[in-house]
Amino acid sequence: MTSTTALLITRDELLLDDLLRLAAAAGCTLEVAHDAPAGLRAWSSATVVLVGVDLASRVAEQRPPRREQVHVVGHGPAPDDAFRHALGAGAVDVVELPGSETWLVEVLTDAGDAVAGRRAGRAHTVGVVAGSGGAGATTFACALALTAAATRAATLVDLDPLGPGADRVVGLDGADGVRWDGLVTSRGRLSSHSLRTALPAKDGLAVLTWEMGAPTELDAASVREVLSATQRGNDLVVVDLPRALDDVTAEVVTRCDRVLLVTDPTVPGVASAGKVAAVLRSLNPRVEAVVRAGRGTLPAAQVAEALGLPLVADVPRHRRLAEHVDLGLGPVHGHRSALARAARTTLGLRSRQDRVA
Ligand SMILES: Nc1ncnc2c1ncn2[C@@H]1O[C@H](COP(=O)(O)OP(=O)(O)OP(=O)(O)O)[C@@H](O)[C@H]1O
Ligand SMILES: [Mg+2]
């Protein structure tokens, strides 16, 4: 069965005009049925069903199969019997326009995203923070995102304004696409599909990073909206976070499913990571340690224990990392690289060899 984005069942021309406008704003296609039987034919294949108040009783009479995402929509306060008909049609609510326009655009945006092939749910979101300067957080964030992108839709979000730029590290330096500067000025609901296609991308990985020069100041509302759209349009989102969190980045930490603290296995490295861990834990209970092996002498298990965090991976030293990054090959050139293995372990992914075995 082919799937329709959103189905509207109405004969009300004004309502139709309004919803066509809202659907266009949401980047979603609208199939229109002018009577209940035609609506019933497209009922199950649509991602969202909008029933005009004018035809709600007719639709209810047809006893449509129960399904999620059915809304009755009309202009102004709904007539009393609209709620009874909405119940009969299996709708979850009666939506009034123009008051609920913004909400409806969100519903339609999600419908468009679902049909564009993205997962209906929210992407697993992994934040990565360095326990001390140069511990390898940006590199590991890039390794995670590149590794995941081989098998699923992944986006790397660079939230460290003073970092090298994630595009540079993954080999997308100079690639066309929108960056933070182009997003902070946009207002309103972002379509996850449009955002993903607007970002610089390569081999399944999209990257949101900064322009050269002085970084744009980000505001909480824009970052919240961008993160939400990114989460709707991907299977995995990796966020490279700065160590010194401000209000905007602290909020992002609270929205992560896991936060990885990349730590140097040295006494000073663990001391500063301990402070960062305390800040992170006050924002999110799911903080885990990644130990950058070869940068010190302390065993990884001891580092994690000292931090009071579960150990997820021991990141080995990649001898040719700088050379690969400078050549635009990225940090996980070759699936057998130790960094790719550490990324797969962290994400619980199996290698190609594992899958064949
Ligand atoms: N696993 C690794 N093997 C070898 N070199 C690495 C590894 N990880 C990072 N590096 C190198 O260490 C340096 C710092 O790495 P990176 O920028 O990833 O650290 P960071 O923790 O993000 O730093 P910052 O504190 O600036 O955010 C870079 O030159 C990078 O190439
Ligand atoms: Mg960094």
Side-chain angles (χ1 to χ4, degrees), residues 1-123 187-195 221 224-225 228-229 231-233:
M1 191 190 297
T2 54
S3 74
T4 305
T5 306
L7 168 67
L8 170 65
I9 310 173
T10 190
R11 244 182 239 152
D12 179 338
E13 292 297 325
L14 271 181
L15 189 63
L16 174 61
D17 281 353
D18 270 351
L19 284 164
L20 284 172
R21 178 175 53 80
L22 298 182
C28 129
T29 53
L30 198 62
E31 178 169 339
V32 183
H34 293 290
D35 57 39
L40 265 284
R41 285 196 288 279
W43 187 264
S44 303
S45 58
T47 308
V48 172
V49 178
L50 304 175
V51 181
V53 166
D54 60 310
L55 289 183
S57 68
R58 294 294 168 82
V59 171
E61 281 165 17
Q62 303 270 327
R63 299 185 176 278
R66 295 286 137 178
R67 53 154 294 155
E68 293 185 345
Q69 299 255 62
V70 180
H71 310 275
V72 169
V73 193
H75 280 117
D80 289 345
D81 56 2
F83 294 91
R84 188 164 46 82
H85 299 319
L87 211 62
V92 282
D93 46 19
V94 178
V95 181
E96 290 174 18
L97 294 179
S100 300
E101 280 198 357
T102 309
W103 180 84
L104 210 47
V105 170
E106 289 182 15
V107 168
L108 293 172
T109 304
D110 286 341
D113 291 347
V115 169
R118 302 297 168 209
R119 37 180 282 160
R122 179 183 157 282
R187 281 284 168 268
R189 181 81 166 185
L190 275 173
S191 150
S192 64
H193 182 61
S194 320
L195 175 59
R224 199 176 298 135
E225 186 50 45
S228 162
Q231 288 174 322
R232 277 181 276 121

List the atom of R67, the atom of A46, and the distance in Å for their closest heavy-atom pair.
NH1-O, 2.6 Å
If every non-hydrogen atom of P64 is compared with every non-hydrogen atom of A89, which pair is closest and at what distance?
CG-O, 3.7 Å
Heavy atoms, side chains only, cut-off 4.5 Å: are L22 and L97 in contact?
yes
D12 and its side-chain contact (heavy atoms from CB on, under 4.5 Å) partner, picked from L8, L16, T10:
T10
How long is the straight-line distance from CZ of R66 back to OG of S44, given to the nearest 0.5 Å?
12.5 Å
Counting only N and O atoms by type, is there a donor-acceptor contact under 3.5 Å from the side chain of D35 to the main-chain atoms of A38?
yes
Here the pair of heavy atoms bringing P65 nearest to W43 is O-NE1, 2.9 Å
Quick one, L108 and L50 - any side-chain contact, counting heavy atoms below 4.5 Å?
yes
Nearest 0.5 Å, what's the OG1-CG distance between T47 and L7?
10.0 Å
Strictly distance-based, threshold 3.5 Å: is any side-chain N or O of S228 a donor or acceptor partner for the main-chain N or O of R224?
no
For the residue pair C28 and A6, what are the closest heavy atoms and their distance?
SG-CB, 4.0 Å
Of the non-hydrogen atoms in A36 and Q62, which two are nearest, and what is the gap between them?
CB-CG, 3.9 Å
Do the non-hydrogen side-chain atoms of D18 and H75 ever get within less than 4.5 Å of each other?
yes
With a 6.0 Å cut-off (strictly less than), is the heavy-atom count around CG of D17, excluding the residue itself, greater than 12?
yes
SB check R232 E225 (cutoff 4.0 Å)
yes
Does CZ in R63 sit with more than 12 non-hydrogen atoms of other residues, nucleotides or ligands closer than 6.0 Å?
no
Salt-bridge criterion met for R21 and E101 (N-O under 4.0 Å)
yes
Heavy-atom closest pair, residues A78 and V94
CB-CG1, 3.5 Å
Please report the interatomic distance CD1(I9) to CG(L15), rounded to the nearest 0.5 Å.
11.5 Å
Heavy-atom side-chain proximity of V48 to T5 below 4.5 angstrom:
no
Side-chain touch V49/Q69, heavy atoms, less than 4.5 angstrom
no
